[in-house]
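Start at 1 and go down the list; that is how both ligands and their atoms are numbered.
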Amino acid sequence: MILRSAAASPFVRKVRIAAAVLGLDSRIHIVAADTADPNDDLRTQNPLGKIPTLVLDDGAVLYDSRVIVEYLDHLAGGGRIIPTQPAAARFDVLKLQALADGIMDASVLLVYETRWRDATKHEPKWIDLQAGKVERALAVLEAAPPRVDALPHVGQIALACALGYRDLRFAGTWRETHPRLVQFLDRFSAAVPAYAATGPQA
Ligand SMILES: N[C@@H](CCC(=O)N[C@@H](CS)C(=O)NCC(=O)O)C(=O)O
């Protein structure tokens, strides 16, 4: 399988950690994609031109990290990093993934504001809207941080990637005010070697 990727993408990192903890990483070949390049064949593989995009061995394509992690979990037998039962546990995990993905989405949009728009055209109200999502989500998570399991579920993986992206692009400012999330990430990083192995500098 081929994973269209970029080293800094937190969504790609989520997929790579999921593949590693499921023992599937050796079956995935990482191929860099340039989402800004109209000639990159990423846009024929995924009309949205987004990463992660996974090209399967038979040429079929899956995209969106949530779909890809669901597929990887299925390949590994199912119910490994996305619980199937009890339903309450399943939806808690999926909700945590959605919250962490939301932090990543808002953070990526903030990065794009500086990448794609001239400084004179930055829109403070829109920046505040995105920053508020991150702030509120981090506050909710700080109040009740998830535990860390030896085989992490996809919610824990996504949260680690969201925090890692805040470290990379926002100078880790979240650390000062979220000590319980710092502890979560320290524990996650110690329990899941794939976290360090998939970092942007790795
Ligand atoms: N919901 C998507 C989000 C993926 C995403 O936003 N990826 C970014 C890179 S971190 C991207 O491809 N950006 C290029 C674009 O939006 O055109 C997922 O979970 O895979």
Side-chain angles (χ1 to χ4, degrees), residues 1-22 24-25 28-56 60-75 81-82 90-91 93-118 121-123 126-127 129-131 133-134 137 141 152-172 174 194-195 198-202:
M1 294 180 278
I2 292 171
L3 184 66
R4 301 305 310 277
S5 307
S9 167
F11 297 100
V12 167
R13 192 177 195 182
K14 179 171 65 156
V15 167
R16 292 186 63 196
I17 294 173
V21 301
L22 291 169
L24 295 169
D25 44 336
I28 296 179
H29 184 47
I30 305 291
V31 175
D34 181 350
T35 57
D37 177 1
N39 297 315
D40 192 310
D41 57 359
L42 174 68
R43 292 183 189 188
T44 55
Q45 292 163 337
N46 173 356
L48 302 175
K50 290 190 171 203
I51 51 169
T53 290
L54 184 71
V55 185
L56 307 186
V61 180
L62 293 176
Y63 40 80
D64 196 282
S65 62
R66 292 189 215 185
V67 176
I68 297 171
V69 294
E70 183 87 43
Y71 177 71
L72 295 178
D73 192 55
H74 160 78
L75 269 190
I81 60 169
I82 306 174
R90 172 176 174 78
F91 290 107
V93 166
L94 292 176
K95 182 174 143 186
L96 176 58
Q97 176 179 218
L99 189 59
D101 281 8
I103 295 173
M104 297 192 241
D105 279 327
S107 301
V108 166
L109 289 176
L110 287 168
V111 170
Y112 289 173
E113 179 75 357
T114 55
R115 185 176 301 165
W116 289 92
R117 215 169 266 153
D118 192 79
K121 294 189 180 139
H122 289 176
E123 174 50 62
W126 191 86
I127 291 171
L129 185 73
Q130 301 307 326
K133 294 175 196 292
V134 174
L141 290 159
H153 60 60
V154 79
Q156 295 160 340
I157 295 171
L159 177 56
C161 295
L163 296 173
Y165 194 67
R166 297 300 299 183
D167 278 341
L168 175 71
R169 296 292 195 215
F170 299 86
W174 63 275
Y195 180 75
T198 56
Q201 277 87 30

(message) With a 4.0 Å cut-off on N to O distance, would you call D25 and R16 a salt bridge?
(response) no

Atom 11 (C) of ligand 1 sits nearest the protein heavy atom Y112 OH, 3.5 Å

Once the angle between the rings of Y112 and W116 is folded into 0 to 90°, is it parallel (under 30°), tilted (30 to 60°) or perpendicular (over 60°)? perpendicular

Residues T114 and V111: closest non-hydrogen pair is OG1-O, 2.7 Å

Applying side chain to side chain donor-acceptor pair (under 3.5 Å) to Q156 and not counting sequence neighbours gives D149, H153

shortest atom 15 (C) of ligand 1-to-protein heavy-atom contact is with K50 CG, 4.0 Å

Among S9, A158, A36, closest by heavy atom to atom 10 (S) of ligand 1 is S9

Note: ligand 1 atoms sitting under 4.0 Å from heavy atoms of T35 are 12 (O), 14 (C)

Closest non-hydrogen contact found for K14 with I157 is O-CG2, 3.7 Å

Within the 4.0 Å heavy-atom cut-off, what D64 brings close to ligand 1 is both

Of all heavy-atom pairs linking R169 and A8, the shortest is NH2-CB, 3.5 Å

**Prompt:** Judging by distance only, is a nitrogen or oxygen of I51 under 3.5 angstrom from one on ligand 1?
**Reply:** yes

shortest atom 19 (O) of ligand 1-to-protein heavy-atom contact is with S65 OG, 2.6 Å

Sorted by chain and residue number, the side chain to side chain donor-acceptor pair (under 3.5 Å) partners of R4 (sequence neighbours excluded) come out as D40, D41, Q45

Atom 6 (O) of ligand 1 has as its nearest protein heavy atom F11 CE1, 3.7 Å

For atom 17 (O) of ligand 1, the closest protein heavy atom turns out to be G49 O, 4.1 Å

